[in-house]
Each structure stands twice: as structure tokens, then as C-alpha cells.
Amino acid sequence: MFEKLFSLQGKVALITGGSRGIGQSIALAFAEAGAKLVVSSRNKRPPELEKVVEQIRGMGGEAIAIPAHVGKKEDVRNLVQGALKQFGRIDILVNNAGANPVLSTMVDLEEEAFEKVLEVNLKGAFLMSKTVANEMIKQGGGRIINISSISGLRARADKTGAYCISKAALNMMTQVMAKELAQHNILVNAIAPGSIKTEFSRVNWTDPERKEQRIREIEIRRFGEPEEVVGLALFLASEASSFVTGEIIRVDGGQTI
Ligand SMILES: NC(=O)c1ccc[n+]([C@@H]2O[C@H](COP(=O)([O-])OP(=O)(O)OC[C@H]3O[C@@H](n4cnc5c(N)ncnc54)[C@H](OP(=O)(O)O)[C@@H]3O)[C@@H](O)[C@H]2O)c1
């Protein structure tokens with residue numbers, strides 16, 4: 001019963017931003033649970049994406065890497081078509097690619113930087129979800145998991161305003177799409193991590209002032225590790241969550257209690 005609930009045997013999962021951090025951890029866990037993997041990122045650091053594929057193959061799993069910028073329509077089309085060509089279907093989509101390239105108050109934020117954040121965090125997830133959901137509808141169902149953030153649930157005045165706004169919109173997109181797609185047996189949920197120690201959040205665990213502030217906020221009094229997001233992702237991808245949709249679930253060590 002337990003194994004069947006969490007097994008991803010025979011499933012095909014596509015993970016954006018799968019080259020490192022939270023996306024990499026989810027990719028490895030899904031492969032261990034039996035899924036075939038398509039891992040993607042812009043591949044800014046080429047060995048990273050290939051390394052994840054090699055790790056999965058080393059575990060006896062099946063995986064391919066397809067580079068794509070999630071904000072670019074043509075890249076998204078190539079990615080989804082490449083996945084379908086290789087594996088014939090996509091059962092699980094994890095919209096994990098995310099960016100927060102600048103730290104700025106809203107009044108000082110350049111228009112281009114605002115657009116960049118929305119392009120990756122919101123439009124990217126939209127383009128991916130729309131394209132993959134159309135395939136899932138033909139297949140008869142699927143799972144979409146958006147990696148959001150607690151920053152989308154609570155306003156912060158720490159120069160991450162555009163990021164907060166993009167994740168708040170992603171949360172609403174999760175719920176709108178959950179409502180629209182339930183009739184097609186597609187479940188759409190979001191994970192809202194708190195402070196997880198990755199490349200992306202480096203400034204928060206290296207800048208002494210920001211680090212101290214975070215630790216003070218987190219009830220567990222430490223940053224989370226990427227592997228600590230995996231359990232929830234596996235739950236949302238598997239049979240265990242068959243009656244769960246439209247949820248935004250926090251993994252934040254109590255940071256927003
Ligand atoms: N770490 C945290 O504290 C934290 C907290 C809450 C939410 N999150 C969310 O968790 C997700 C993963 O973050 P992480 O912390 O694991 O960051 P990370 O270690 O920096 O990984 C980010 C991944 O996204 C890819 N990526 C970036 N821009 C992309 C684009 N335009 N198109 C496709 N791929 C792109 C990166 O690869 P390339 O550079 O090669 O493209 C990389 O694989 C993000 O959505 C982030 O907002 C993180």
C-alpha cells in the first residue's frame with residue numbers, strides 16, 4: 001500500500017530548472033521513485049544539466065536533458081516536443097525554474113528587471129503549463145506542481161518586491177488552473193518553500209544581516225536543504241495526493257506561522 005501510494009513507476013516527469021538546487025533534488029527523487037525524467041534549464045553552466053542526467057542513469061533510471069529558457073515560446077515548444085518524442089507522454093510537470101536577478105525596492109526597480117522576473121517566474125510557468133496541459137488533456141490526466149515561495153504569501157520589504165509579486169501571481173495561476181483542469185483529471189498544486197540553502201538564495205545565507213534576520217524568523221532556526229522539499233513534491237506527483245488540487249503548501253520551517 002505504502003509503496004503503491006508514492007510510486008512513480010511508468011510515469012514521465014518534466015522538471016524545469018532541474019540542473020541544480022531544488023529542481024535537481026526533485027529530479028533525483030522522482031527517478032528513484034521510478035519516473036522517467038526530462039530535465040531542463042537554460043544550461044548556463046553546461047556540465048550541470050548533463051551531470052543530473054548521468055546521476056539518474058547511474059541509479060539505473062532513464063533521463064534526457066533538453067536546454068530551454070522557460071520564458072521563450074520556441075524553447076518551450078522544443079522542450080515539450082522533445083519530451084514527447086523521447087517518452088511519448090508527460091504525466092508530471094514541475095515548474096521549478098525561477099529567478100530573482102536584482103535586489104531593489106519597487107520605486108527604484110528598472111522596468112526591464114521587473115519584466116525579467118515576471119518572464120521567468122510567471123510567464124515561464126504559464127507557457128509550460130499551457131503547452132503541457134494540452135497534452136495531458138489528450139492523455140486523460142496529469143499533475144502540475146508549481147514551485148512558488150512563501151514570498152508569494154506575505155509581502156516583504158527586503159528588496160524582493162518583484163519576486164514576491166511574481167510568486168503571488170503564480171499562486172493564483174495554480175488555483176485558476178486547478179479549477180479549470182480538474183474536469184480533465186489534471187491536478188495543479190504549488191509548493192511554497194521558505195529559506196532553502198541553494199545558489200539562488202546565496203545572498204540570504206552569506207550576507208550576515210540577511211542571514212540573522214532569516215534565522216530569527218524561521219522557527220526551526222536554520223535554513224532548509226533542497227532535499228527537504230522533495231517529500232512534498234513526491235506526495236503531489238503520486239497517487240497519495242489523488243484528492244488534492246489547488247493547494248499552496250508551505251515548506252518553511254515555521255517561517256510564516
Ligand atoms: N532557495 C530558496 O530559498 C527558495 C525559496 C522559495 C522558493 N524558491 C524557488 O525554488 C525554485 C528553484 O530555486 P533554487 O533555490 O533551487 O535555485 P537554483 O539552485 O539557483 O536553481 C534554479 C534553476 O532554474 C534554472 N533557471 C533559471 N532561469 C531559468 C530560465 N529562464 N529558464 C529555464 N531555467 C532557468 C537554473 O538553471 P540555468 O541557470 O542553467 O538556467 C537552475 O536549474 C525557484 O522557482 C525559486 O523561486 C527557492
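Worth knowing before you read on, the calculation uses all heavy atoms, side chains too, and leaves out hydrogens, waters and symmetry mates. Each ligand, and each atom within it, is numbered from 1 in the order the structure gives. Count residues from 1 along the sequence.
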Are any of the N or O atoms of Ser41 closer than 3.5 Å to those of ligand 1? yes

With heavy atoms and a 4.0 Å threshold, my read on which part of Ala192 contacts ligand 1 is neither

* **Nitrogen or oxygen of Ser149 less than 3.5 angstrom from that of ligand 1** => no

> Side chains of Glu48 and Gln24: donor-acceptor distance under 3.5 Å anywhere?
Replying inline: no

The atoms of ligand 1 lying under 4.0 Å from a heavy atom of Tyr163, numbered in the order shown, are 6 (C), 7 (C), 8 (N), 9 (C), 46 (C), 47 (O)

- Are any of the N or O atoms of Glu48 closer than 3.5 Å to those of ligand 1? no

Exercise. Answer yes or no for Lys197 and Trp205: cation-pi contact, defined as NZ/CZ to six-membered ring centre under 6.0 Å and angle to ring axis within 45°.
Key: yes

With the threshold set at under 4.0 angstrom, would you say Gly194 reaches ligand 1 through any of its heavy atoms? yes

Can you give me every donor-acceptor pair (side chain of residues 66-76, partner residue at least two apart or in another chain, under 3.5 Å) with its distance?
residue : atom : partner : partner atom : Å
His69   : ND1  : Gly71   : N            : 2.9
Lys72   : NZ   : Glu119  : OE2          : 3.3
Asp75   : OD2  : His69   : N            : 2.8

task = Please indicate whether any nitrogen or oxygen in Val70 is less than 3.5 Å from any nitrogen or oxygen in ligand 1.
result = yes

Arg143 with Asp91: basic N within carboxylate O range, under 4.0 Å
no

At under 4.0 Å between heavy atoms, what of Lys167 touches ligand 1? The answer is side chain

Measuring only between side-chain heavy atoms, which start at C-beta, is Val120 closer than 4.5 Å to Ser166? no

